[in-house]
Structure formats: structure tokens, C-alpha cells
Amino acid sequence: MIDANIIIVGAGCAGMQLINALLKLPAEQTGDILLIESNLHSSHKSWCFWTNKPSEYDFLISKYWEELKFASSKSDLTRSIAPFRYNYINSEQFFDYHQQLIAKSPRVKVVYEEVRQFKSDNNLKQVITSQNTYQAKHVYSSLHDFEVLNSKKILLWQHFKGFFIKTDSPVFKANQATIMDFSVPQDGAAHFMYVLPFSETEALIEFTSFSKVDSYTDHTYNSYLEKYISDKINCPFEIIREEKGKIPMTDFDFPAISEHGVIQIGSAAGAIKPSTGYAFKRISRHTEYLMECFLNGNNAVQNMPGLARFDFYDTLLLQIIQKKPEKVAIIMDQLFSRNSFNEILTFLDEQSSLLEEISLFSTLPKRLFLKQVLHYVQAKF
């Protein structure tokens, strides 16, 4: 049996943000910290979020945009989002920073082992791996199997593939990111393109699908990407690297603490916003909350901080994606063409007021959403 005061299972975005927060405290407050990760190498990811004030990781933001574009078969809208900025963090730089932080700290030990089971023994929690058994007073974990969710809950997927490209000629507006372009074929799902220019000749162009399946073949992804680049860019280019992934979209009620007293973090705590897939800033907020609980000796950790009505809004959109995916492009077109982009960002950040939300929903297809409210109520009873 190997002891530590704190064990963190999972060295992803949530685990590293928690490590960063804990290492700001004196060593006598945290004691020894053990980080358990099963994968020695992490895949490249792009994390984006918007802010209108300084944030913890501003120094890792390698690019930001002050203009956003939304497009569809009907609209082509570009707006300044000041005082907001749409920020990009490269996961490789994020992990490099935290690995250096860990390497400098004598109180953190990292092991690469597969976690098999959690147990509790009196006041201590046990983490059983393929090689050892560890125990600690505080255990945090990002592990969760999304395939075993309650069958009564919705489980959809946001899956994507992107090309980081370099063009022969300047074709991009370096200060303008395309947050959604629904002008691509929908083909029985909700499809859009996402464009992040890093310069006039370099950009990430990403195809995204909201659907019941968790991935397409590479051939299918590439077909959408190549057609879009041919239509919109029409310029010789080279692919520098590729990015691919999937994010669960679910209305599952994630427990704050497991049956063995393990505190959930990251996706296991519901930190991914169900209707959009954005997670980085939600993880930051959750980390702040967990640190408050830790410092106050509060072991009765609650679910992700937030207002219940936003969970309700997310479920309504998930129901539409599940049953009427062809309507998503129409909803988004009305949302962006009838509201200011800043109002939308504030709403998606769950910082809007109830009156602002009523105003926003009044611009969307009323009959469609009323039907979803009825379905929601029927599912509850």
C-alpha cells in the first residue's frame, strides 16, 4: 500500500488545472500529491474559450480573435465581439508548462499505470491499478465510461477532424475566426465548419458533426474538408498536421462524488457543456470551486456550479439534435442573425439573466421548442 495525501487520476486538462491550483498552496497544506495517468503520450488538441477579463491561463494563449463569423446557406455574418476575445490554447504548450511545473515540485509524483478500481476504507480512498494499490484522504478522478450512461438519458457525439494548413497566397483574415459555417451538406446530421486563422496563410479548418454516431471514416471527413477548402479557399495549400476527436453531448446527471468518495473532475464531473462541447473555462470554474471546498475542509462537494435552467436549455437542444438534426442549422441561423454575438456568448457562458434568455428564445422557432418542452416534461413523469 502506497500512501499520499492527494491522488489525482487523469493527467488531462482537468487534472493539470487541479495540479496547478494545488501547487499554489504551501506544501504543508497539500502534503504529497500522486498523479496517475494511463497514457504516456497525449494527442494534440485545440482548446478555445472566450473571455472579457483576465484569466488564469492568459500566458498560454497563442492566438486570439476579436471578430467572429457565422455562416449558413442563408447568412454570412461578421461581428466584433469586443470586449470579448475568442482565445486559442495549444494543448502541447499547456501540457509542457504543467509537466515543467510538476518536475520542479518535490511533492508531486507521477506514475503511468492503468486504474482498475476504486475502493474506500474508513476515511481513506483506495486506487487500485494494474501494478499497485494507492490510498489517500483526497482522491480526484476524470475517469468515466460514457457508454454505460442511463439508457433514459441522451447520448450524442460532437466528433470532428481538422487540417492545419498553409496556403501559397494570403487568403485568411487573421483577426476573424469562423465559429460556425453551416453552408456544408447536412446529410441527416448537424454539420458545420470551424475556421481559426493564425495568419493570412495559416489556419485550422475543421469539420464538425453533431450526431448519434461517435465518428465518421477518414474518407468521409476528408471529403467534407477538401470540398470546403476547394470552394472557399481555392488556393494551393499543404497540410501541416491533422487533428481529430470526439466529445460526448449528454444530459446525464454526473455525480459530484462517486460511491467510494472519489471527487469527479473534468468530463466525469459534467464539465463539458452538453450543447456546445466547450469545456476549458468550465473546468477552470470547477477547479476554483473544488479548491474552495479543499481549503474549507468541505467534503460534501456538490455538482458543477451553475443554474439548473441552463441544464434544461441544453437538454432541449440535445433533443432537437437527436430527433430533428436538420433543424439545427435553422436554429443557429436565427440565433446569430437575430441576436448580438456578445449576447450569444454571454448566454453560452451561462452568465445571462432570465429576461435576456426569454428575449433570446423569442427569436428561435417557437413551435419547435415548445414541442421539446413537452417531450422534456413527458420524459420526467
Polar side-chain atom of D333 near backbone of A329 as donor-acceptor pair, under 3.5 Å: no
Nearest-0.5 Å distance that lies between atom CD in Q158 and atom CD1 in I321: 9.0 Å
Can you confirm whether N90 sits close enough to H44 that some side-chain heavy atom of one is under 4.5 Å from a side-chain heavy atom of the other? yes
Do T217 and T220 pass the side chain to side chain donor-acceptor pair (under 3.5 Å) test, and can you show the C-alpha distance, the side-chain angles, and the key distance before you say yes or no? CA-CA 5 Å; T217 64; T220 300; 2.9 Å; yes
Please report the shortest heavy-atom distance between Q29 and N5, naming the atom on each side. O-ND2, 4.5 Å
Measure the shortest side-chain to side-chain distance between Y216 and H191 over non-hydrogen atoms and say whether it is less than 4.5 angstrom. yes
Would you call K161-E242 a salt bridge at under 4.0 Å N-O? yes
All ring pair (Phe, Tyr, Trp, His ring centres under 6.0 Å) counterparts of F210, not counting sequence neighbours: F192
Do E202 and K63 meet the salt-bridge criterion of a basic N to acidic O distance under 4.0 Å? no
Could you give the distance from CG (N87) to CG (D58), rounded to the nearest 0.5 Å? 7.0 Å
Working to the nearest 0.5 angstrom, can you tell me the gap between I330 CD1 and Q186 CD? 9.5 Å
Could you tell me whether F361 and Y313 have their ring centroids closer than 6.0 angstrom? yes
Answer yes or no: are there more than 12 heavy-atom neighbours, outside R241 itself, under 6.0 Å from its atom CZ? yes
Can you name the nearest heavy-atom pair linking M193 to I205, along with the distance? CE-CG2, 3.8 Å
Worked check of side chain to side chain donor-acceptor pair (under 3.5 Å) between Q351 and T346: CA-CA 5 Å; Q351 299 298 307; T346 301; over 6 Å; no
Rounded to the nearest 0.5 Å, what separates atom CD in Q100 from atom OH in Y97? 9.0 Å
Does R107 come within less than 4.0 Å of D32, counting only side-chain N to carboxylate O? no
Determine, for E357 against R309, whether the closest basic-nitrogen to carboxylate-oxygen distance falls under 4.0 angstrom. yes
Any Lys/Arg nitrogen of K45 or E92 sitting under 4.0 Å from an Asp/Glu carboxylate oxygen of the other? no
Does S353 offer a backbone N or O that forms a donor-acceptor pair with the side chain of E356 under 3.5 Å? yes
What one should report as the nearest heavy-atom pair of F118 and S141 is CZ-OG, 3.6 Å
Where is the tightest heavy-atom contact between L60 and I89, given as atom of each residue plus distance? O-CG1, 3.7 Å
Residue pair T30 / F294: nearest heavy atoms and the distance that separates them: CA-CZ, 4.3 Å
Tell me whether K244 is salt-bridged to D218, with the criterion being a basic N under 4.0 Å from an acidic carboxylate O. yes
F172 side chain reached by S199 side chain, heavy atoms, under 4.5 Å: no
Between Y278 and D349, is a side chain to side chain donor-acceptor pair (under 3.5 Å) present by the stated rule, with each step listed? CA-CA 9 Å; Y278 284 99; D349 236 358; over 6 Å; no
Would you indicate whether the side-chain heavy atoms of E238 and T167 approach each other to under 4.5 Å? no
Separation between OG (S275) and CG (L317), nearest 0.5 Å, reads 5.5 Å
What one should report as the nearest heavy-atom pair of A269 and F254 is C-CB, 3.7 Å
Nearest 0.5 Å please: distance from the CD atom of Q319 over to the CD atom of Q322. 7.5 Å
Show the numbers, then the answer: is there a side chain to side chain donor-acceptor pair (under 3.5 Å) between E113 and T129? CA-CA 6 Å; E113 299 173 13; T129 74; 2.5 Å; yes
Is the closest basic N to carboxylate O distance between R282 and E350 below 4.0 Å? yes
